[in-house]
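Take a look at the structure below.
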Amino acid sequence: MAHYIGWMAKGWTFQSLIDAKMTVTAFCQWSPCNHSQKLDLAQLRDCYGPDSPAMADDLIPLLKCNRCGGTAVGVIYTPDTSRNAYGKAKGS
């Protein structure tokens with residue numbers, strides 16, 4: 001957990017998210033739509049560069065809902081919770 005907090009303090013980049021096997025999901029905040037989609041971090045890295053900032057404040061202005069076209073979009077960052085990742089974090 002402290003590993004991810006260190007990245008947040010410095011600010012995530014597309015490459016750091018990929019390296020950490022993080023998942024970023026964008027979701028439409030318009031309740032009748034409520035669409036969500038995982039972002040293709042490799043494609044975003046290739047488009048904007050590996051060191052481009054990828055914090056929520058950086059991403060949200062770039063996003064719009066693919067279903068309704070709305071710009072009220074949020075993002076959720078999910079760490080790799082696979083058994084191997086947990087074991088590495090715990091030193092097992």
Side-chain angles (χ1 to χ4, degrees):
M1 183 71 169
H3 192 59
Y4 297 115
I5 293 171
W7 274 332
M8 283 179 55
K10 296 176 191 171
W12 283 319
T13 64
F14 291 117
Q15 190 61 52
S16 68
L17 291 171
I18 292 167
D19 292 344
K21 297 182 181 171
M22 296 280 283
T23 301
V24 182
T25 305
F27 62 95
C28 182
Q29 294 180 336
W30 186 49
S31 60
C33 179
N34 206 26
H35 176 67
S36 65
Q37 179 176 336
K38 288 183 182 178
L39 299 180
D40 185 341
L41 295 175
Q43 183 179 4
L44 290 167
R45 175 200 59 205
D46 294 346
C47 182
Y48 295 104
D51 296 326
S52 293
M55 299 296 285
D57 289 343
D58 304 307
L59 286 178
I60 290 172
L62 304 174
L63 301 174
K64 71 176 182 177
C65 179
N66 283 343
R67 184 175 291 160
C68 73
T71 56
V73 177
V75 290
I76 299 172
Y77 294 82
T78 308
D80 180 9
T81 57
S82 66
R83 186 174 201 166
N84 291 339
Y86 180 75
K88 287 178 185 175
K90 295 299 276 182
S92 303

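Heads up: numbering here begins at 1 and tracks the sequence. Basis for what follows: all heavy atoms, side chains included, without hydrogens, waters or symmetry-related copies.
In this structure K38 satisfies the side chain to side chain contact (heavy atoms under 4.5 Å, CB included) test together with T23, T25, sequence neighbours excluded. Listed by chain and number, the residues in a side-chain hydrogen bond (donor to acceptor under 3.5 Å, both in side chains) with Q37 are N66 (sequence neighbours excluded). In terms of the side-chain hydrogen bond (donor to acceptor under 3.5 Å, both in side chains) criterion, N34 has no residue partners (sequence neighbours excluded).
Applying the under-4.5 Å side-chain rule to Ile, Leu, Val, Met, Phe, Trp and Tyr, the cluster around F27 extends to I76.
Across all non-hydrogen atoms, the minimal contact from A54 to Y77 is O-OH, 2.5 Å. Counting all heavy atoms, side chain and backbone alike, A26 lies closest to L63 at CB-CD1, 4.0 Å. Among all heavy-atom pairs drawn from K64 and T71, the shortest one is CB-CG2, 4.2 Å.
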Which side-chain N or O atoms in residues 43-52 pair as donor and acceptor under 3.5 Å with protein atoms at least two apart or in another chain?
{"from": "R45", "atom 1": "NH1", "to": "Q15", "atom 2": "OE1", "distance (Å)": "3.3"}
{"from": "S52", "atom 1": "OG", "to": "Y48", "atom 2": "O", "distance (Å)": "2.4"}
{"from": "S52", "atom 1": "OG", "to": "G49", "atom 2": "O", "distance (Å)": "3.3"}

Determine all donor-acceptor pairs shorter than 3.5 Å in which one atom belongs to a side chain in residues 55-62; sequence neighbours excluded.
{"from": "D58", "atom 1": "OD2", "to": "M55", "atom 2": "N", "distance (Å)": "3.2"}

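Inter-residue side-chain proximity for C65 and W30 is flagged as unmet; no heavy-atom pair is nearer than 4.5 Å.
Of the inter-residue distances, the one linking D19 atom CG with D80 atom CG reads 12.5 Å to the nearest 0.5 angstrom.
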